Number of protein chains: 2
Amino acid sequence: MTEPRHSRKKTRVTSLDIAHRAAVSQATVSRVLAGSPLVNAETKRRVEQAVRELNYKVDRHASSLRTQRAGTLALLLFEDPTPDDSHINPFFLSILGSITRACAKHGHDLLVSFQQLSDDWHADYEDSMKADGLILLGYGDYLAYQSKLVHLLAQGTHFVRWGHVLEDQPGITIGCDNHAGGRMAGQHLLDCGRRQIAFLGDASTRFPEFHARYQGCEAALQDAGLSMSPGLQVDAPSTEQAGYDAAKVLLARKRPFDAVFAASDLIAIGAMHALTEAGLRVPEDVAVVGFDGTPMARFSNPPLTTVVQDTSKAGALLVDALLRLVRDTPAQSQTLQPTLAIRASSVG
Amino acid sequence: MTEPRHSRKKTRVTSLDIAHRAAVSQATVSRVLAGSPLVNAETKRRVEQAVRELNYKVDRHASSLRTQRAGTLALLLFEDPTPDDSHINPFFLSILGSITRACAKHGHDLLVSFQQLSDDWHADYEDSMKADGLILLGYGDYLAYQSKLVHLLAQGTHFVRWGHVLEDQPGITIGCDNHAGGRMAGQHLLDCGRRQIAFLGDASTRFPEFHARYQGCEAALQDAGLSMSPGLQVDAPSTEQAGYDAAKVLLARKRPFDAVFAASDLIAIGAMHALTEAGLRVPEDVAVVGFDGTPMARFSNPPLTTVVQDTSKAGALLVDALLRLVRDTPAQSQTLQPTLAIRASSVG
DNA sequence: CTGAAAGCGCTTACAG
DNA sequence: CTGAAAGCGCTTACAG
């Protein structure tokens, strides 16, 4: 099944070939391809025809070398200790999808790299001119990479990140209003008549987004004169396995609860599993609400009520902000408002 | 929240700066960075020190322009009519993860693009020197892009695809032994005492992988003197919604069945939903088996028995084969053996 | 082992 | 509106 007969070398078509064929100078070819307005219409037509006939494409490297712009953005997706490729958070993959689309829309290419937080941080994507800027995606220990962000800034690297928006954040961040999302979840559970709400997910300031979700939920309870019980909170990173394990821990404590607010959909789905296994019914015995609005939430069993983040807007905003930075136009951090999708996991 | 104070332009460090600092010629710097053996150890040390001190990175475009190699591969993920980014098949995302890793291992970067089958096919990734070769990923109507593959080959473009391996396939394909996988699923359901197996997923030759899965299952039944009933097959592309809808159609036919073999995990999960909604118990009334081995199969409710494709090997093989093509070394199509993960959706 | 020099294929002032 | 020319930052024969 070898394919030797197809290995013929391509002879590269250059702008000089086009120039000859269109009987103009190479400079003019370049002007036409750059869409310069200072070209005679007829000349332009001839050049474009030659380009089509020879299937000419501008050499990206020659062009970038000359202009000092890569026309490419790099996406660095890092996750804590997730050795298994297949467990990449689907929420980030949704954003990845919309980022590729936004890049295409702006005529940029997208380089992707999935890294561990522990890896080298490849700031050299920009140093080596491979990319004009970086998009950073990933949950993880905030403190662990805070210093790396400062370092990137100091180097003058262009980057934006998805994450929790804080005042003292180095650089530009696009993120969800996690507090508002948490409040929605809490309010909804209250509306469903629940009073003892467990929270699954890290709720320390080291994980700012989860922490804000927790606090938002608590705020809703406090408005109703209630509060979250620390005994009903269990740490968990955003995986199904962690959600499953955390729910087990919660159950083992034998404290009564009638609802679970999970810091992510993955955690929620893992938790529903553990609850079901323990003979509890969702939502009759325990109502469950997730966070993210991933596609799988719609098809879990029962379908999961969840706080939806608009990934498609997220991707567009990330790319927009980064391109502004690259072009030296003012850009700023932004917060997206989430919405609540109510499904059977909370309302029978 | 604007960040004007950080917009200072970086002054690019070039190999000439390194040369000055290390008191050697620019050519020698280049030799050191290329790992040439013809450099004095002491000279090499001085250069490397200067490189470190100035945080120098080779300019990718200058290097690629000179060598005529991009050092980059491009991944084109296309799916039929999937307007919503978020519904990208998780199976492909798993492969994407392992492809990024394989690329990194070989010192290559990865450019990604998610396209509709209907879009232009961007063979120009290679024409414009942006990438040395293409990896094609996606289910879809076989006939619809068969001709595009032929076109790519004719242009001398380097590419590999993930898909069903057929004899008369243009180019190189890495894929799963879908027939063997289908047979495993069928045999397992027989072992579970099931006799009337429904198949959800397109089973025509236009969708070769699904078709082979169907035939593999049928082969298992025939070995047992049984056969698949055409009345128990319903077409469906690989989405949860399609699986849900297909199961509804199946139920509406009111023909008895005691098992469902779904052509993909997504279809299976959607189908389990519809079955549960109709008051059927999985696996007591209907055993369900999926295909792919996606992470969500482990956490569906009940956990899904599924034919597992080794995505991590898949990514490695795709990248290996493509790099061979790029380097003009013989490469060939390959088939991966799937395995069966038995879970509660088929065995009570 | 090292340096001087050519050249990869563009873009963009500069002249006209 | 168009062309001649310089130069982006490398790599790699060619000489020594």
Side-chain angles (χ1 to χ4, degrees), chain A residues 9-48 50-51 54-72 107 124 126-132, chain B residues 9-48 50-51 54-72 107 124 126-132:
Chain A
K9 272 278 173 306
K10 300 200 216 185
T11 36
R12 259 198 90 56
V13 177
T14 71
S15 55
L16 209 57
D17 298 323
I18 304 298
H20 286 148
R21 181 175 267 251
V24 295
S25 75
Q26 184 267 328
T28 297
V29 173
S30 189
R31 286 197 192 90
V32 171
L33 274 93
S36 161
L38 358 136
V39 185
N40 179 288
E42 162 59 13
T43 311
K44 184 175 169 193
R45 204 197 51 68
R46 280 214 315 282
V47 170
E48 283 169 343
V51 164
L54 299 186
N55 189 34
Y56 169 70
K57 298 286 176 345
V58 174
D59 183 304
R60 176 57 149 272
H61 300 296
S63 169
S64 289
L65 175 59
R66 193 44 240 255
T67 61
Q68 300 288 64
R69 298 205 147 217
T72 301
D124 47 292
E126 191 167 338
D127 293 326
S128 61
M129 300 289 291
K130 287 184 203 169
D132 299 313
Chain B
K9 271 278 175 303
K10 299 199 218 185
T11 36
R12 258 198 91 57
V13 178
T14 71
S15 56
L16 208 58
D17 299 322
I18 303 299
H20 287 148
R21 180 175 265 254
V24 296
S25 75
Q26 184 267 329
T28 297
V29 173
S30 187
R31 285 198 192 90
V32 171
L33 276 94
S36 161
L38 356 136
V39 186
N40 179 289
E42 162 60 12
T43 312
K44 183 176 170 190
R45 204 198 48 70
R46 283 214 314 282
V47 170
E48 282 169 345
V51 165
L54 299 186
N55 188 34
Y56 169 70
K57 298 286 176 343
V58 175
D59 182 306
R60 176 55 151 273
H61 300 296
S63 170
S64 290
L65 176 58
R66 191 48 239 250
T67 62
Q68 300 289 64
R69 297 207 150 216
T72 300
D124 46 292
E126 191 167 335
D127 293 327
S128 62
M129 301 289 290
K130 288 185 204 168
D132 299 315

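Source: prediction; values computed, not measured. Labels below follow one simple rule: chain letters A, B, ... track the order of the sequence lines, proteins then strands, and each chain is numbered from 1.
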Please report the distance, rounded to the nearest Å, between CG in A/D59 and C1' in D/dC8.
13 Å

Using the side chain to side chain contact (heavy atoms under 4.5 Å, CB included) definition, which of the options A/V39, A/V51, A/T43 pairs with A/V32?
A/V39

Side chain proximity check, B/Y56 to A/D127, heavy atoms < 4.5 angstrom:
no

Find out whether A/V13 and A/N55 are in side-chain contact, i.e. whether some heavy atom of one side chain is under 4.5 Å from a heavy atom of the other.
no

Specify the separation, in whole Å, of atom CG of A/D127 and atom P of D/dC10.
12 Å

Work out how far the C1' atom of D/dG16 is from that of D/dT12, and round it to whole angstrom.
16 Å

From the options D/dA4, C/dA5, C/dG7, select the nucleotide whose nearest atom is closest to the side chain of B/A27.
C/dA5

Side-chain atoms of B/V24 come closest, of C/dG3, D/dC8, C/dA5, to C/dG3

Give me the atom names and distance for the closest heavy-atom approach of B/K130 to A/R60.
CE-NH1, 2.7 Å

Value in whole Å for how far the C1' atom of C/dC10 lies from NE2 of B/H61
12 Å

Round to the nearest Å and state the distance from A/I18 atom CD1 to C/dG9 atom P.
13 Å

For the P atoms, the ones on C/dA6 and on C/dT2, what distance do you get once it is rounded to whole angstrom?
23 Å

Taking a pair as Watson-Crick or G-U wobble with both distances under 3.5 Å, which nucleotide is matched to C/dA13?
none

Strand partner of D/dA4, provided both Watson-Crick or wobble distances fall under 3.5 Å
none

Please examine the side chains of B/T14 and B/D59, heavy atoms only from C-beta on, and report whether any two atoms are closer than 4.5 Å.
no

Grab the CG-P distance between A/L33 and C/dT11 for me, whole Å please.
7 Å

Side chain of A/T67: nearest nucleotide among C/dT11, D/dC1, D/dC8?
C/dT11

From D/dT11, C/dC10, C/dT12, pick the nucleotide closest to the side chain of A/T14?
C/dC10

Side-chain atoms of B/A62 come closest, of D/dC10, C/dC1, D/dC8, to D/dC10

Below 3.5 Å, does any donor atom in the side chain of B/R31 face an acceptor in the base of C/dG3, or the other way round?
yes

Using a 4.0 Å heavy-atom cut-off across all strands, classify B/S15 as base, sugar-phosphate, or nothing.
sugar-phosphate

Salt-bridge criterion met for B/E48 and B/R45 (N-O under 4.0 Å)
no

So, is B/T28 near the phosphate of C/dG3, with a side-chain N or O under 4.0 Å from OP1 or OP2?
yes

A/V58 or B/T43: which one's nearest nucleotide on DNA chain C is closer to the 5' end?
B/T43

To the nearest angstrom, the CE-P distance between B/M129 and D/dC10 comes to 17 Å

Take atom CD of B/Q68 and atom P of C/dG7, then tell me their distance rounded to the nearest Å.
14 Å

Rounded off to whole Å, could you give me the CG-to-C1' distance for the B/L16 and D/dG7 pair?
13 Å

Per atom distances to the A/R66 side chain, the nearest of C/dC10, C/dC1, D/dT12 is C/dC10

Would you indicate, yes or no, if D/dA4 has its OP1 or OP2 atom less than 4.0 angstrom from a side-chain nitrogen or oxygen of A/S25?
no

Return whichever of B/L65 or B/Q26 has its heavy-atom-nearest nucleotide of DNA chain C closer to the 5' end.
B/Q26

From the set C/dT2, C/dG9, C/dC10, return the single nucleotide nearest to any side-chain atom of A/Y56.
C/dC10

What is the nucleic acid contact for B/S63, judged by heavy atoms within less than 4.0 Å: base, sugar-phosphate only, or nothing?
sugar-phosphate

